[in-house]
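Fair warning: this is a prediction, and the values are worked out from it, not measured in the lab. Below, each value reflects all heavy atoms present in this structure, side chains not excepted, and no hydrogens, waters or symmetry copies.
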Amino acid sequence: MMMMLVEMDHPGLVVLPTHRLIKNLADLDEKTVLAGASKFFDTVRVEDAASLERKLIKSEKTLAFYSGDKNCFLFTLKPDVDVKSLLPGMSEAYCSLDVTLLHALILEPVLGIDKENMLRQTNLFYTRDMDEAMRAVDNKQYQCAFLLNGTRVGQIRDVSLAGEKMPQKSTYFYPKLITGLLMNKIMDIPD
């Protein structure tokens, strides 16, 4: 088995976010999402969509909801919400992931997108580009987008040391190996 190993503390190792796009859900509207999220999250409207990424990055246990037409909201986990009690048997590390908060507190209970749906990508699609996600919603290709911070390398370490798997599409490691680096001849070697 071929593999590449990189030191976890290497300054060049970056984990980029993978944003979620929602499509083909009947009766989905902004009010439904905001009402469902209000049980677990403090919600703040972000007037300036251009500053959304900067505000998102500065916050922990926070994700963003974009419903189109520059309607951006930051969802920050309420201090009194005990995620561990909502996900019995899961570690503190797993329960602290932004992507876990999205999947366990919004996608499944509010939107009805369960693990099987996520796996088949029936209503859930992914992109790594925040601007692309917002444009796709504005162009009505998708109903809404959930924008995430990249998972920190320390969080990945802690979840793996707890023996757990992260939710689907939680990590996008960068840089990637150049395609074909190990598969193609770089030069002919004389016999």
Side-chain angles (χ1 to χ4, degrees), residues 8-9 13-22 28 30-67 71-115 117-118 124-131 133-134 137 144-174:
M8 290 186 86
D9 295 328
L13 178 63
V14 177
V15 183
L16 300 175
T18 303
H19 310 295
R20 274 66 173 153
L21 293 157
I22 308 300
L28 173 66
E30 182 181 283
K31 289 180 184 177
T32 301
V33 175
L34 294 175
S38 69
K39 182 176 179 182
F40 302 109
F41 296 92
D42 290 321
T43 302
V44 176
R45 184 182 182 93
V46 179
E47 297 297 329
D48 180 10
S51 68
L52 179 65
E53 186 172 19
R54 187 175 68 250
K55 291 179 180 186
L56 183 62
I57 289 171
K58 289 182 178 180
S59 305
E60 288 189 22
K61 296 185 181 178
T62 299
L63 50 113
F65 168 61
Y66 184 70
S67 60
N71 291 318
C72 306
F73 301 88
L74 283 181
F75 293 168
T76 302
L77 188 68
K78 291 179 179 180
D80 61 339
V81 174
D82 181 10
V83 179
K84 191 143 173 46
S85 70
L86 299 170
L87 299 171
M90 302 309 289
S91 70
E92 190 67 42
Y94 181 87
C95 293
S96 71
L97 299 171
D98 293 348
V99 68
T100 297
L101 301 178
L102 173 61
H103 284 235
L105 304 180
I106 296 176
L107 293 184
E108 292 183 44
V110 176
L111 301 182
I113 299 175
D114 61 13
K115 288 177 177 57
N117 183 309
M118 290 178 204
L124 182 65
F125 303 87
Y126 305 94
T127 182
R128 289 170 182 80
D129 186 303
M130 183 178 290
D131 292 331
M134 295 170 83
V137 173
C144 64
F146 291 96
L147 310 168
L148 298 166
N149 284 312
T151 305
R152 293 185 307 278
V153 175
Q155 290 177 303
I156 297 167
R157 178 199 58 231
D158 294 345
V159 171
S160 64
L161 289 174
E164 297 167 330
K165 292 181 181 178
M166 298 173 67
Q168 181 174 320
K169 304 281 186 189
S170 296
T171 60
Y172 179 73
F173 292 99
Y174 183 85

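Screening residues 41-60 for ring-ring contact (aromatic ring centres under 6.0 Å, His included), with sequence neighbours left out, gives Phe41-Phe75.
Shown here is Lys78, whose NZ atom has more than 12 heavy atoms of other residues, nucleotides or ligands within 6.0 Å.
The two residues Val99 and Arg20 come nearest to each other via the heavy atoms CG2-NH2, 3.2 Å. Pairing each heavy atom of Leu101 with each of Cys95, the nearest pair is CD2-O, 3.6 Å. Annotation for Thr100 and Tyr94: closest pair OG1-O, 2.9 Å, computed over non-hydrogen atoms. In terms of heavy atoms, Ala37 sits closest to Ile106 at CB-CD1, 4.2 Å.
For the pair Asn149 (side chain) and Glu60 (backbone), a donor-acceptor distance under 3.5 Å is absent. Thr127 places no side-chain N or O within 3.5 Å of a backbone atom of Ala133 that could act as its donor or acceptor partner. Remark: the backbone N or O of Leu28 is not paired with any side-chain donor or acceptor of Thr32 at under 3.5 angstrom. No donor-acceptor pair closer than 3.5 Å links the side chain of Lys61 to the backbone N or O of Ser96.
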Working for side chain to side chain contact (heavy atoms under 4.5 Å, CB included), residues Met166 and Val159: CA-CA 7 Å; Met166 298 173 67; Val159 171; 3.6 Å; yes
Working for side chain to side chain contact (heavy atoms under 4.5 Å, CB included), residues Leu107 and Ile22: CA-CA 9 Å; Leu107 293 184; Ile22 308 300; 4.0 Å; yes
Candidate pair Leu111 and Leu124, rule side chain to side chain contact (heavy atoms under 4.5 Å, CB included), full reasoning: CA-CA 11 Å; Leu111 301 182; Leu124 182 65; over 6 Å; no
Thr62/Leu77 under side chain to side chain contact (heavy atoms under 4.5 Å, CB included): CA gap, chis, key distance, verdict: CA-CA 6 Å; Thr62 299; Leu77 188 68; over 6 Å; no
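A distance of 11.5 Å separates SG of Cys144 from OH of Tyr66, quoted to the nearest 0.5 Å. Between the CG atom in Leu147 and the OG1 atom in Thr18 there is a gap of 11.5 Å [rounded to 0.5 Å]. The line from CG of Asp80 to CZ of Phe40 is 10.5 Å long, rounded to the nearest 0.5 Å. Taken from NZ in Lys169 to CG in Leu148, the straight-line distance is 13.5 Å, to the nearest 0.5 Å. Distance check, rounded to the nearest 0.5 Å: CD of Glu92 to NZ of Lys84 gives 6.5 Å.
Two residues are said to be in side-chain contact when any heavy atoms from C-beta on lie closer than 4.5 Å; Val33 and Phe146 meet this criterion.
No option in Leu63, Asp42, Leu52, Thr43 other than Leu52 meets the side chain to side chain contact (heavy atoms under 4.5 Å, CB included) test with Leu74.
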